[in-house]
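On a predicted model such as this, the values are computed, not experimentally measured, just so you know.
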Amino acid sequence: MADMALFNDDAFSMTALTASINELETTPSRLAALGLFEEEGMTVTTAQIERDGETLQLVASAERGSPGQVVVGSKRQTIPFNAVHLPEIATIKADEVQNLRAFGEESELEALQTVVSKRLQKMRRQLDATHEFHRIGAIKGQILDSDGKSVLVDLFERFGLKQQHMPILIGDVRSSTLELLDMVEDSLGAAPHTGVRALCGRNFWRQLMTSKDIRETYLNTQMAAALRGDPRDTFDFGGVTWERYRGRVGNVGYIGDDEAYAVPEGVPELFITRFAPADYMEAVNTNGLPYYAKQEAGKFGKAVELEAQSNPLHLCTRPRAVIKLAATTGKAA
């Protein structure tokens with residue numbers, strides 16, 4: 001029978017558990033799959049973001065006493081952003097260990113590692129879902145806490161910018177799309193991009209599907225069946241990839257049901273993710289990893305507590321380049 005002493009094995013050290021949770025399969029999430037956010041670790045818990053007009057960029061960290069980054073002119077402003085601390089706790093009780101039985105060639109240690117791995121998988125899935133929630137917040141310009149109400153970061157307020165809005169005329173989506181593309185290009189300036197993707201809430205998507213020009217465009221194509229049925233995928237129209245975004249927490253969508261957000265794709269460092277080190281002594285001044293895990297004995301040796309954490313900072317460096325859309329009735333084409 002396995003016992004709690006097995007947790008003293010090096011297989012359950014911070015290094016081993018951290019490596020394990022980072023190697024676990026990522027929970028499918030749309031923004032992670034799209035690869036919009038460029039991820040890196042950082043050795044500090046605060047990133048200095050520099051504003052130059054409507055463009056924001058990270059300020060490189062340096063050793064104390066070394067020359068700082070050159071800042072030209074008086075219009076630039078440096079604003080600090082703290083990484084968000086996302087800790088989770090799980091408990092493995094003595095009874096769970098006591099009742100382990102080794103099957104076949106599996107040792108007691110291997111069986112215990114399987115229990116720990118399953119617990120870490122659940123913790124990793126919850127952290128991945130939180131990352132997705134924060135990423136969509138960065139796209140919208142306001143990152144919210146898990147309650148969906150408390151504001152962690154308001155990019156527009158911090159940088160003194162105004163969000164751009166645009167109505168999409170359901171009666172003439174093609175003309176609206178041309179105007180939208182011009183607005184995105186103007187916001188990006190000289191920055192290159194490969195396309196524009198519109199992430200749509202469910203009601204916005206339904207109205208989009210009633211558009212006459214969209215339905216006529218796909219009338220004689222394979223997409224026609226989807227348009228007549230229950231379309232919940234993506235399609236290209238007018239130079240924009242339209243997609244129904246499905247992320248939800250309970251009855252609340254990550255994107256409002258009546259909203260959509262036009263997001264430029266292929267823009268270098270438009271969306272960035274930085275990971276700060278964990279608040280463990282072993283991690284001080286090291287390059288931050290996406291996930292950390294650690295264990296310690298519980299009170300009276302009755303359990304072992306696992307902690308998983310992530311310390312991300314998800315940002316959009318050109319907030320006005322993301323256009324908030326609303327469907328409106330227009331004169332039919």
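Among residue pairs with one or both ends in residues 276-296, those qualifying as salt bridge (charged side-chain N to carboxylate O under 4.0 Å, His left out) are Glu282-Lys294; sequence neighbours excluded. The salt bridge (charged side-chain N to carboxylate O under 4.0 Å, His left out) contacts involving residues 303-315 comprise nothing, where partners must be two or more places apart or lie in separate chains. Within the structure, the salt bridge (charged side-chain N to carboxylate O under 4.0 Å, His left out) test picks out the following pairs touching residues 187-205 (sequence neighbours left out): Arg197-Glu243, Arg197-Glu265.
The nearest pair of heavy atoms linking Ala138 to Ile143 is N-CG1, 3.7 Å. Heavy-atom minimum distance, Ala308 versus Met123: N-CE, 3.4 Å. Minimum heavy-atom separation, Ala293 to Leu120: CB-CD2, 3.9 Å. Summarising the geometry of Tyr292 relative to Ala283, their closest heavy-atom pair is CE2-CB, 4.1 Å, with the distance given to 0.1 Å. Closest of all the heavy-atom pairs between Ala303 and Thr91 is CB-CG2, 3.6 Å. Counting all heavy atoms, side chain and backbone alike, Ala191 lies closest to Arg318 at CB-NH2, 3.9 Å.
A salt bridge does not link Arg30 to Glu132: none of the charged nitrogens lies less than 4.0 Å from a carboxylate oxygen. Between Asp145 and Lys149, none of the side-chain N atoms (NZ, or NE/NH1/NH2) sits under 4.0 Å from a carboxylate O, so this pair counts as no salt bridge.
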Verdict with reasoning, Ile214 to Phe235, per side chain to side chain contact (heavy atoms under 4.5 Å, CB included):
CA-CA 10 Å; Ile214 289 178; Phe235 67 93; 3.9 Å; yes

Run the side-chain hydrogen bond (donor to acceptor under 3.5 Å, both in side chains) check on Asn285 and Thr43 step by step: do they pass?
CA-CA 5 Å; Asn285 293 329; Thr43 59; 5.9 Å; no

For the pair Met166 and Met183, evaluate side chain to side chain contact (heavy atoms under 4.5 Å, CB included) and give the outcome as yes or no after the intermediate values.
CA-CA 9 Å; Met166 181 181 168; Met183 187 180 293; 4.1 Å; yes

Residue pair Leu144, Gln142: steps toward the side chain to side chain contact (heavy atoms under 4.5 Å, CB included) verdict
CA-CA 6 Å; Leu144 303 178; Gln142 191 176 72; 3.8 Å; yes

Pair His134, Val84 - check side chain to side chain contact (heavy atoms under 4.5 Å, CB included), show working.
CA-CA 10 Å; His134 286 194; Val84 179; 3.9 Å; yes

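Clustering ILVMFWY residues whenever any of their side-chain heavy atoms sit less than 4.5 angstrom apart, transitively, puts Leu36 in the very cluster that holds Leu325. Under the 4.5 Å side-chain heavy-atom criterion for ILVMFWY residues, no single connected hydrophobic cluster contains both Val240 and Leu178. Linking Ile, Leu, Val, Met, Phe, Trp and Tyr residues whenever their side-chain heavy atoms come within less than 4.5 Å places Phe159 and Phe156 in a single cluster. When hydrophobic clusters are built by joining Ile, Leu, Val, Met, Phe, Trp and Tyr residues whose side-chain heavy atoms come closer than 4.5 Å, directly or via intermediates, Val151 is grouped together with Ile255.
At distances below 3.5 Å, not a single donor-acceptor pair connects side-chain atoms of Thr18 with backbone N or O atoms of Thr15. Thr177 contributes a side-chain N or O that, together with a main-chain N or O of Val173, makes up a donor-acceptor pair within less than 3.5 Å. A donor-acceptor pair under 3.5 Å is absent between the side-chain atoms of Arg274 and the main chain of Gly41, judged by distance alone. With hydrogens and angles ignored, the 3.5 Å screen pairs no side-chain donor or acceptor of Arg119 with any backbone N or O of Leu306. Side chain of Ser310 to backbone of Pro290: a donor-acceptor contact under 3.5 angstrom is found. Checking side-chain atoms of Thr130 against main-chain N and O of Gln126 turns up a donor-acceptor pair under 3.5 Å. Proximity of a side-chain donor or acceptor of Ser176 to a complementary backbone N or O of Leu169 within less than 3.5 Å is detected.
Between Pro312 and Leu86, some side-chain heavy-atom pair lies under the 4.5 Å cut-off. Taking 4.5 Å as the limit, some side-chain heavy atom of Phe237 sits within range of a side-chain heavy atom of Asp213. Within the 4.5 Å cutoff, the side chain of Val116 has heavy atoms near those of the Leu17 side chain. Counting heavy atoms from C-beta outward, Val153 and Leu155 have side chains that approach closer than 4.5 Å. Between Glu269 and Ile272, the closest side-chain pair of non-hydrogen atoms falls below 4.5 Å. Residues Leu188 and Pro264 form a side-chain contact, since some pair of their non-hydrogen atoms from C-beta on lies under 4.5 Å apart. With contacts defined as side-chain heavy-atom distances shorter than 4.5 Å, the pair Arg135/Ile139 does not qualify. The shortest side-chain heavy-atom distance between Phe271 and Val263 falls under the 4.5 Å cut-off.
Taking CD from Gln163 and CG from Asp154, the interatomic distance works out to 9.5 Å, rounded to the nearest 0.5 Å. The CD1 atom of Ile170 sits 9.0 Å away from atom CE of Met209, with the distance rounded to the nearest 0.5 Å. Of the inter-residue distances, the one linking Tyr254 atom OH with Ile136 atom CD1 reads 9.5 Å to the nearest 0.5 angstrom. Interatomic distance, NZ of Lys140 versus SG of Cys316, reported as 14.0 Å (0.5 Å rounding). To the nearest 0.5 angstrom, Phe275 atom CZ is 9.5 Å from Leu289 atom CG. Summarising the geometry, atom CG belonging to Asp258 is positioned 15.5 Å from atom CH2 belonging to Trp205; distances are rounded to the nearest 0.5 Å.
Counted by atom type alone, Asn311 and Gln309 present one or more donor-acceptor pairs between their side chains at under 3.5 Å. For Asn82 and Thr46, the side-chain atoms include at least one donor-acceptor pair closer than 3.5 Å. In summary, the side chains of Gln164 and Ser187 do present a donor paired with an acceptor at a separation below 3.5 Å, with no hydrogens or angles considered.
Aromatic ring centroids of Tyr261 and Trp242 lie 6.0 Å or more apart. Checked against the 6.0 Å centroid threshold, Tyr291 and His131 count as a close aromatic pair.
Both cation-pi conditions hold for Arg158 and Phe81: the charged atom is under 6.0 angstrom from the six-membered ring centre and inside a 45 degree cone around its axis.
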